[in-house]
Asks: 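Right, I'll just put the structure down here and ask away after.
For the numbers below, each heavy atom of this structure counts, side chains included, while hydrogens, waters and symmetry mates do not.
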Amino acid sequence: MPLTRKPRIAIMGEFSSGKSTLCNVLMGARPLLEKVTATQLPPVWLSYGPDDAYTMGLDGHAYDLDLAELDRVSLETTEHVRIFMKSDILRYCDLIDMPGISDPSMSSEVWERMAHLADAVLWCTHATQAWRQSESGVWSTFPQEMRQNSILLITRFDKILGDTDRAKVVKRVRQETEGLFSEVFPVSLLQAMRAGEDAEKWRSSGAADFTQALFDIIHRIIDEGYPEPGDADKPAITPDSGDETELGQSLIAEAFERLTVIRNTPVIKILPRRVEAKTERLLRTERPTAETGPALVTFADNIVGTGEPLPASRAKMS
């Protein structure tokens, strides 16, 4: 069945693989994020809403949290931290920022007990040592159905100099992870974060292609259960409404807005009538205006086999 909530996307990878930078790219740099990513924490579940936060204890109880006291959150007694904030990307999905899988200072149980909540994973692997055996071992424990909804990011790709070496890394990683992820993208997250409104820098960082793939995955998760991608009964995707004065309108948000409009525009199928070859022509080829509306294309203005003009009602529709 289709989801009745927003998808939850987990951000995972080994310690110091670029997860925090990816979170900043997705969310937009804010002082709050710097506090979150600079502090050793259990999983941080980020959702859209007025600024608020709480911790979920291992005892099943929620406790109010003052974000100024993030550094006091206990790994031993806390399952996760839940933070609400108004960020563009959170209008479309929740993000769960996981601790590094190889962090020597915490048990794997810290992130394992939250993994089941994710619908998809953005996995970060460092370009200079991409897709280590330890990463492969952890990913193999995740359910098979999650693979088609997850993306592998080869981060810090700018650290590899030379097109030949870059091509070799991408080829090797794609071969070793074939069938394990929906797609593999090399990215320079720092370049993406510094792109600002420069669309060319954003594109060259690899973020543009990744954004398109992430959008597709979010809506594939939402649409799960519908038989065909173009199912006419599929509801329009409606992200949380945002206040333009509070949202950053980042490049990723602009891309999502544009893609959402395309996704929600119904496709009208016009089936051509069968006609004799000698009568085939285009009735309207002029550019549509605000008054005339979109140009509809038909292949004949005569009823097949009669040579008689169409009735006025049908001619107007054509």
Side-chain angles (χ1 to χ4, degrees), residues 3-15 17-101 103 106-124 138 142-143 146 149-151 153 214 217-218 221-222 239-240 242 246-248 252-253 256:
L3 283 185
T4 56
R5 57 167 173 78
K6 287 183 293 185
R8 301 165 184 159
I9 313 296
I11 300 175
M12 298 192 68
E14 293 202 311
F15 181 72
S17 62
K19 295 185 291 80
S20 297
T21 309
L22 173 60
C23 192
N24 283 326
V25 169
L26 293 171
M27 299 273 295
R30 288 183 56 177
L32 172 61
L33 287 180
E34 293 175 6
K35 291 180 182 179
V36 170
T37 57
T39 307
Q40 188 179 58
L41 291 170
V44 177
W45 185 345
L46 298 160
S47 300
Y48 185 84
D51 290 357
D52 190 20
Y54 65 84
T55 61
M56 178 58 69
L58 294 178
D59 58 4
H61 291 88
Y63 299 90
D64 290 338
L65 173 65
D66 182 344
L67 291 175
E69 299 181 348
L70 271 174
D71 56 343
R72 299 185 182 180
V73 174
S74 170
L75 288 172
E76 289 73 26
T77 61
T78 304
E79 180 188 69
H80 67 268
V81 176
R82 188 79 181 269
I83 298 177
F84 295 86
M85 56 191 299
K86 291 187 176 180
S87 177
D88 295 306
I89 189 66
L90 296 180
R91 295 173 57 217
Y92 297 87
C93 65
D94 285 6
L95 297 175
I96 304 176
D97 186 13
M98 297 285 203
I101 63 168
D103 190 335
M106 67 175 68
S107 166
S108 61
E109 292 182 1
V110 173
W111 59 263
E112 285 174 348
R113 54 192 175 221
M114 284 290 288
H116 71 281
L117 291 177
D119 300 301
V121 172
L122 302 179
W123 191 286
C124 297
V138 170
F142 279 69
M146 190 175 285
N149 293 330
S150 298
I151 296 174
L153 298 178
L214 177 59
I217 281 176
I218 286 173
I221 294 170
I222 293 173
D240 289 334
E246 295 180 300
L247 299 177
I252 195 169
F256 268 45

Asks: So, taking the atom named CD1 in Ile83 and the one named CG in Asp97, what distance separates them when rounded to the nearest 0.5 Å?
Replies: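 Reported to 0.5 Å precision, the distance equals 9.5 Å.
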Asks: For Cys124, is there any backbone N or O sitting under 3.5 Å from a side-chain donor or acceptor partner on Lys19?
Replies: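 A pair under 3.5 Å: no.
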Asks: Using side-chain contact (heavy atoms from CB on, under 4.5 Å), reason through Tyr48 and Lys86 one step at a time and then give a plain yes or no.
Replies: CA-CA 5 Å; Tyr48 185 84; Lys86 291 187 176 180; 3.9 Å; yes
Asks: Name all residues meeting the side-chain hydrogen bond (donor to acceptor under 3.5 Å, both in side chains) criterion together with Asp59; count only those two or more places apart in sequence or in a different chain, and write none if there are none.
Replies: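 By the side-chain hydrogen bond (donor to acceptor under 3.5 Å, both in side chains) rule, Asp59 matches Tyr63.
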Asks: I want to check something: taking the side chain as every heavy atom from C-beta on, are Asp51 and Leu67 in contact at a cut-off of under 4.5 Å?
Replies: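 No, every pair of side-chain atoms sits at 4.5 Å or beyond.
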Asks: Can you tell if the side chain of Ile222 reaches within under 4.5 Å of the side chain of Tyr92, non-hydrogen atoms only?
Replies: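 They are not in contact (no side-chain heavy atoms under 4.5 Å apart), so the answer is no.
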Asks: Who pairs with Glu69 by salt bridge (charged side-chain N to carboxylate O under 4.0 Å, His left out), at least two apart in sequence or on another chain?
Replies: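 Glu69 satisfies salt bridge (charged side-chain N to carboxylate O under 4.0 Å, His left out) with Arg72 once adjacent residues are dropped.
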Asks: Rounded to the nearest 0.5 Å, what separation is found between the CD1 atom of Ile11 and the CG atom of Leu46?
Replies: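 So the gap between those two atoms works out to 7.5 Å.
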Asks: If you measure from OG on Ser17 to CG on Leu22, what distance do you get to the nearest 0.5 Å?
Replies: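 It is 9.0 Å, given to the nearest 0.5 Å.
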Asks: Side chains of Leu41 and Pro99: closer than 4.5 Å at any heavy-atom pair?
Replies: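 SC-SC contact between Leu41 and Pro99 ruled out.
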Asks: To the nearest 0.5 Å, tell me how far Leu90 CG sits from Ile9 CD1.
Replies: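 Here the interatomic distance stands at 11.0 Å.
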Asks: Run the side-chain hydrogen bond (donor to acceptor under 3.5 Å, both in side chains) test against Ser108 and tell me which residues pass, sequence neighbours left out.
Replies: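 Once residues adjacent in sequence are excluded, the partners of Ser108 under the side-chain hydrogen bond (donor to acceptor under 3.5 Å, both in side chains) criterion are Glu112.
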Asks: My understanding is that only residues two or more places apart in sequence, or in another chain, count here; which of them pass side-chain hydrogen bond (donor to acceptor under 3.5 Å, both in side chains) with Asp94?
Replies: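 side-chain hydrogen bond (donor to acceptor under 3.5 Å, both in side chains) check on Asp94 returns Trp45, Ser47.
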Asks: Could you go through Asp119 and Ile218, starting from their C-alpha distance and side-chain angles, then the distance that decides it, and tell me whether this counts as side-chain contact (heavy atoms from CB on, under 4.5 Å)?
Replies: CA-CA 9 Å; Asp119 300 301; Ile218 286 173; over 6 Å; no
Asks: With sequence neighbours excluded, what pairs up with Glu79 under the salt bridge (charged side-chain N to carboxylate O under 4.0 Å, His left out) test?
Replies: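 So Glu79 forms no salt bridge (charged side-chain N to carboxylate O under 4.0 Å, His left out) with any residue.
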Asks: Return the set of residues passing side-chain contact (heavy atoms from CB on, under 4.5 Å) with Phe15 (not counting sequence neighbours), or none when no residue passes.
Replies: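 Partners of Phe15 by the side-chain contact (heavy atoms from CB on, under 4.5 Å) criterion, ordered by chain and then number, come out as Ser102, Asp103.
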Asks: Over all heavy atoms of both residues, which pair between Ile217 and Ala120 is shortest? Give the atoms and the distance, please.
Replies: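 Closest heavy-atom pair between Ile217 and Ala120: CG2-CB, 4.2 Å.
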Asks: Mind checking the CD1-CG spacing from Ile221 to Asn149? Nearest 0.5 Å is all I need.
Replies: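 So the CD1 of Ile221 and the CG of Asn149 are separated by 4.5 Å.
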Asks: Please enumerate all residues that pass side-chain contact (heavy atoms from CB on, under 4.5 Å) together with Glu76, with sequence neighbours excluded.
Replies: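 Partners of Glu76 under the side-chain contact (heavy atoms from CB on, under 4.5 Å) test: Ser74.
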Asks: Could you pull out all residues at least two apart from Asp64 that satisfy side-chain contact (heavy atoms from CB on, under 4.5 Å)?
Replies: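 Checked Asp64 against side-chain contact (heavy atoms from CB on, under 4.5 Å); zero matches.
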Asks: State which residues pass ring-ring contact (aromatic ring centres under 6.0 Å, His included) with Trp111; sequence neighbours excluded, sorted by chain then number.
Replies: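 ring-ring contact (aromatic ring centres under 6.0 Å, His included) check on Trp111 returns nothing, list empty.
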Asks: Roughly how far apart are His80 NE2 and Ile96 CD1, rounded to 0.5 Å?
Replies: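 His80 atom NE2 to Ile96 atom CD1 measures 8.0 Å (nearest 0.5 Å).
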Asks: Does the side chain of Met114 come within less than 4.5 Å of Met98's, by heavy atoms?
Replies: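 Contact flag for Met98/Met114 side chains = yes.
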